[in-house]
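For the numbers below, each heavy atom of this structure counts, side chains included, while hydrogens, waters and symmetry mates do not. Just follow the structure's listing: the first ligand is 1, and inside any ligand the first atom is 1.
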Amino acid sequence: MNKKDCFAHLIKAPPKEPFKKYGSGRAPMNIALIKYWGKRDPDLNLPITSSLSLSVNLYTTTQIELVPSSQKDSASLELNHLCVPESSAFYQRLIQFLEYVRPPDHQFHISTINDMPTAAGLASSASGFAALVLALDDLFSWHLPKQTLSILARLGSGSACRSIFPGFVRWEKGVRDDGLDSFAVPLTETWPSLCMAFVPISFDQKPISSSRAMQQTVATSPLYRAWPAVVDTHLLSAETAIQQKDFTTLGSIAEQNALAMHASMLTSQSPILYWLPKTIEVLHRVWKTRKDGLEVYVTMDAGPNVKLLFLEKDRTALFEIFPEAHMLT
Ligand code: PMV
């Protein structure tokens, strides 16, 4: 099954006129505690392993408008009120995705507002595709179950399937070739005193997309062979730690998992390193802070920025050591 067949299978009947004029959707950004790194099917964004994330308090809000082709001859896209050029990778990616659902003789106008910088390792493609799918569900009155919306969001960007839900979310890797069993499931546990903050390092465009970096890691890194088993163990420990509110275990597993992901890409051919000198300075500051008795852990995605994990009781003390940090939860 390819992407087109997947859309056809999930949406069943093509949308019928009259369409609503507007649809809107809002989705949270999510940060993986146990990372998704490596695809078993790059077209359908099917992962090699399951993953586990926490949805945070930053959102993408998307409004989508359907306009008859007689009034508009191509799609248009605005990001944070600025027109996105047709030649940009972001425009191409979104418009390609929308082609699977575009009714004949109509064009889309999309306006999307991001609370966070785009393509800076702050996983905005995740909330972006999740918000887009929710906006389409509203526009076409599909009323699809969350599980189906999660699969559709995954077809846009893998980690987007987790942004359909708040709180702790597990993305089941699934085993089927068509990916119909690869979607996100929210965990029932909540943990209000668990905090996540963001240490900005750089908002420059990534040197290599996460998709390409994953493919290269899977194909060439000798360390990647160990990754699937490492993730299975980490998932089990992290979920138990969440159930037991065991912060020491959750923090150390999340940190180790992120470092293992970066180690696997660093040992790929040619090496991939998203970190900047400032990233390493922050890492050392975290480890010193922990040694001094304040429990804080890090996680990092495909970018130079750092996210801190800590408990609410340590928030004031932590912001004295990391004054440049911003709360995410
Ligand atoms: O969904 P993508 O293709 O942007 O990949 C996301 C990969 C990481 O952010 C590094 C890890 C994750 O699980 O979110």
Where the side chain of Gln92 meets the backbone of Glu86, is there a donor-acceptor pair that is under 3.5 Å apart?
yes

Nearest non-hydrogen atom to atom 3 (O) of ligand 1 belongs to which of Ser53, Cys161, Ser210, Pro47?
Ser210

Taking non-hydrogen atoms only, is Ala32 closer than 4.0 angstrom to ligand 1 via side chain, backbone, both or neither?
side chain

Enumerate the atoms of ligand 1 whose separation from the nearest heavy atom of Trp37 is less than 4.0 angstrom.
10 (C)

Ring center gap for Phe108 and Phe97 short of 6.0 angstrom
no

Do Asp181 and Lys173 sit within salt-bridge range, that is, some charged N less than 4.0 Å from a carboxylate O?
no

Quick one: does Ala302 get within less than 4.0 Å of ligand 1, heavy atoms only?
yes

For the aromatic rings, using the six-membered ring if either is Trp, is the centroid distance between Trp171 and Tyr36 under 6.0 Å?
yes

Could you tell me if the ring centre of Phe247 sits under 6.0 Å from that of Phe310?
no

Per-atom contacts of ligand 1 with Gly158, taking only distances under 4.0 Å to non-hydrogen atoms:
1 (O)

Nearest neighbour of atom 5 (O) of ligand 1 from the list Met261, Met214, Met300, on a heavy-atom basis:
Met214

Heavy-atom distances under 4.0 Å are what count here, so tell me which part of Met29 touches ligand 1: side chain, backbone, both or neither.
neither

Basic-acidic side-chain contact under 4.0 Å: Glu295, Arg290
no

Considering only heavy atoms of Ser125, which atoms of ligand 1 have at least one such atom less than 4.0 Å away?
4 (O)

Does an N or O anywhere in Ser211 fall below 3.5 Å from an N or O of ligand 1?
no

Between Lys35, Met265, Arg162, flag the one that comes closest to atom 14 (O) of ligand 1 by a heavy atom.
Arg162

Give the numbers and elements of all ligand 1 atoms closer than 4.0 Å to a heavy atom of Ser159.
1 (O), 2 (P), 4 (O), 6 (C), 14 (O)

Looking only at heavy atoms of Ser51, does any of them come nearer than 4.0 Å to an atom of ligand 1?
no

I'd like to know if Lys35 pairs up with Glu255 as an ion pair, taking the criterion as any Lys NZ or Arg NE/NH1/NH2 lying under 4.0 Å from an Asp or Glu carboxylate oxygen.
no

Please confirm whether the backbone N or O of Asn114 pairs with a side-chain atom of Asn80, one donor and one acceptor, at under 3.5 Å?
yes

